[in-house]
Amino acid sequence: MPAIDRVLVVGATGRTGRHVVAAAAARGLTPVALARDASLGRKTLPPGTEIVVGDLTVPDTLTDAVRDIDAVIFVHGSDDDVRPESFERIDYGGVAGVLGALGSRRPRIVLQTTIFVTRRGHYFNDGGHALDWKRRSERLVRLSGAPYTIVRPGWLDAGQAGSHLRIEQGDTGEDGISREALATLLVEALLDDAALGKTFEVFSGPGRATKDFTALFQGAQPDASKALDAVKDTPNLPLHAEPARVRDDLAHQRTH
């Protein structure tokens, strides 16, 4: 894999994104923070952090943001749960927009979604279908041709405290994870080829802090090549029933 230096952090000013920026810098990378408002970025991120201005809901603003980057870490999420369409516009649309802005380039990608993403009957899916839209964003990344890792964290800053990490697959677990531990894992997934082509849930708890990330990632099975869904996922979101926009986006990724 090509060397990675400049990492675009999508969702950098959020509560998890700030930890990702710090974790990337700690590993010697150059985090490039995407922000709608540069002044907000300067207030919330460490001094000297490089900030690029762009709006995930306005694809034309993303072209300059993705210029000269080597990788992308997505930790964004809807900023308005009251508006049902926000999950489509931001959680899904942000991934579609960045992939479109990249053109033919396919840098390494780490996408954070969530546990429960395949549990369509969960109350998180009420209203705006938040889980379905996050799952659709995963599908875009899998079909994009980019080297990727998709991480489904447990409840953020909930459950037992600690930096001992465990991963699961099949979207059947439920536990918590600290944002700091999650941020470290996201950055390590970007740098470790043992994480490539894999989708997994991750949780943290008490015990010896995880240091050997290669061994952790090796415990996960890879997704099938160009598969819509992750290994062990329940096949309960049929493509033929998907919105026309989603089918078109996926077809574009297949032929890219």
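For the atom pair OG1 (Thr30) and CG (Asp5), the distance works out to 3.5 Å, reported to the nearest 0.5 Å. The distance from the CZ atom of Arg89 to the OG atom of Ser78 is 7.0 Å, given to the nearest 0.5 Å. Here the NE2 atom belonging to His252 is positioned 8.5 Å from the CG atom belonging to Leu99, to the nearest 0.5 angstrom. To the nearest 0.5 Å, atom CD1 of residue Ile150 and atom NZ of residue Lys134 are 12.5 Å apart. With rounding to the nearest 0.5 Å, the separation of CG in Leu196 from CZ in Phe217 is 10.0 Å. In this structure, OG1 on Thr214 lies 3.5 Å from CG on Asp192, to the nearest 0.5 angstrom.
Residue Arg135 is tested with Asp229, Thr114, Thr113, Asp91 for a side chain to side chain donor-acceptor pair (under 3.5 Å); the sole match is Asp229. Exactly one of Leu62, Val75, Leu56, Ile109 qualifies for a side chain to side chain contact (heavy atoms under 4.5 Å, CB included) with Val10. That residue is Leu56.
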| Arg179 and Thr16: side chain to side chain donor-acceptor pair (under 3.5 Å), yes or no, with the steps? | CA-CA 6 Å; Arg179 292 179 194 270; Thr16 303; 2.8 Å; yes
| field | Full working for salt bridge (Lys or Arg N to Asp or Glu O under 4.0 Å) between Asp132 and Arg120 | value | CA-CA 7 Å; Asp132 287 346; Arg120 302 195 66 199; 2.9 Å; yes
| message | Using the rule given for side chain to side chain donor-acceptor pair (under 3.5 Å), can you reason through Thr234 versus Asn236, listing the C-alpha separation, both sets of side-chain angles and the distance that settles it, and then say yes or no? | response | CA-CA 6 Å; Thr234 301; Asn236 58 356; 5.2 Å; no
| CA sep, side-chain torsions, deciding dist, call: Val7, Val32, side chain to side chain contact (heavy atoms under 4.5 Å, CB included) | CA-CA 6 Å; Val7 181; Val32 180; over 6 Å; no
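A donor-acceptor pair under 3.5 Å links the side-chain atoms of Asp171 to the main chain of Thr118, judged by distance alone. For Ser144 (side chain) and Gln253 (main-chain N/O), no donor-acceptor pair under 3.5 Å exists by modelled atom type. The closest donor-acceptor contact from the side chain of Asp223 to the backbone of Val231 lies under 3.5 Å. Put simply, the side chain of Thr44 gets close to the backbone of Leu40: a donor and an acceptor are under 3.5 Å apart. No side-chain donor-acceptor contact under 3.5 Å links Arg142 to the backbone of Lys226. Between the side chain of Gln169 and the backbone N or O of Ala220 there is no donor-acceptor pair closer than 3.5 Å. Checking side-chain atoms of Thr149 against main-chain N and O of Lys198 turns up no donor-acceptor pair under 3.5 Å. Put simply, the side chain of His76 never gets that close to the backbone of Gly94: no donor and acceptor are under 3.5 Å apart. The closest donor-acceptor contact from the side chain of Asn125 to the backbone of Leu131 lies under 3.5 Å. No donor-acceptor pair under 3.5 Å is formed between the side chain of Asp157 and the backbone N or O of Ser178.
The salt bridge (charged side-chain N to carboxylate O under 4.0 Å, His left out) test applied to Arg152 returns Glu138, Glu201, Asp233, not counting sequence neighbours. Evaluation of the side chain to side chain donor-acceptor pair (under 3.5 Å) rule for Thr63 yields no partner, not counting sequence neighbours.
At most 12 heavy atoms of other shown residues, nucleotides or ligands fall within 6.0 angstrom of atom CZ in Arg15.
Within the 4.5 Å cutoff, no side-chain heavy atoms of Phe124 are placed close to those of Val117. Contact of the Phe116 side chain with the His122 side chain is registered, since non-hydrogen atoms from C-beta on lie closer than 4.5 Å. Between Leu191 and Leu29, some side-chain heavy-atom pair lies under the 4.5 Å cut-off. Side-chain contact between Pro107 and Leu102: present, with at least one pair of heavy atoms (C-beta onward) separated by less than 4.5 Å. Ile69 has its side chain within reach of Arg105: a pair of non-hydrogen atoms, C-beta onward, lies under 4.5 Å apart. Contact of the Leu111 side chain with the Val95 side chain is registered, since non-hydrogen atoms from C-beta on lie closer than 4.5 Å. Val66 is listed as a side-chain neighbour of Leu8, based on a closest heavy-atom distance under 4.5 Å. Under the 4.5 Å side-chain criterion, counting only non-hydrogen atoms from C-beta, Glu174 is in contact with Trp155.
In the hydrophobic clustering of ILVMFWY residues, with side-chain heavy atoms under 4.5 Å counting as a link, Ile115 and Ile177 come out apart. Linking ILVMFWY side-chain heavy atoms closer than 4.5 Å, directly or via other members, places Val52 and Val72 in a single hydrophobic cluster. Hydrophobic clustering of Ile, Leu, Val, Met, Phe, Trp and Tyr side chains at less than 4.5 Å, counting indirect connections, unites Val246 with Leu228. Under a hydrophobic-cluster definition in which Ile, Leu, Val, Met, Phe, Trp and Tyr are linked whenever side-chain heavy atoms come within less than 4.5 Å, directly or via other members, Ile167 and Phe203 are assigned to different clusters.
The shortest heavy-atom contact between Val53 and Ala38 is CG2-CB, 3.9 Å. Leu165 and Leu216 make their closest contact through O-CD1, 3.7 Å (heavy atoms, listed as atom of the first residue, atom of the second, distance). Listed here is the closest heavy atom pair of Ala12 and Val9: CB-O, 3.5 Å. Closest approach of Pro31 to Thr49, counting heavy atoms only: O-CG2, 4.3 Å. Gly41 and Ile51 get closest at one heavy-atom pair: C-CD1, 3.5 Å. The two atoms that bring Ala35 and Thr13 nearest to each other are CB-CG2, 4.2 Å, heavy atoms only.
Aromatic rings of Phe87 and Trp133 (six-membered ring for Trp) have centroids beyond the 6.0 Å cut-off, not under it.
Of the charged side-chain nitrogens involved, none lies within less than 4.0 Å of a carboxylate oxygen, so that Arg108 and Asp70 do not count as a salt-bridged pair. Remark: Arg136 does not engage Glu88 in a salt bridge, criterion side-chain N to carboxylate O under 4.0 Å. Of the charged side-chain nitrogens involved, none lies within less than 4.0 Å of a carboxylate oxygen, so that Arg245 and Asp248 do not count as a salt-bridged pair.
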Output a table of donor-acceptor pairs, distance under 3.5 Å, between side-chain atoms of residues 180-190 and any protein atom two or more places apart or on a different chain; print 'none' if there are none.
residue : atom : partner : partner atom : Å
Thr184  : OG1  : Glu180  : O            : 3.2
Glu188  : OE1  : Arg27   : NH2          : 3.3
Glu188  : OE2  : Arg27   : NE           : 2.7

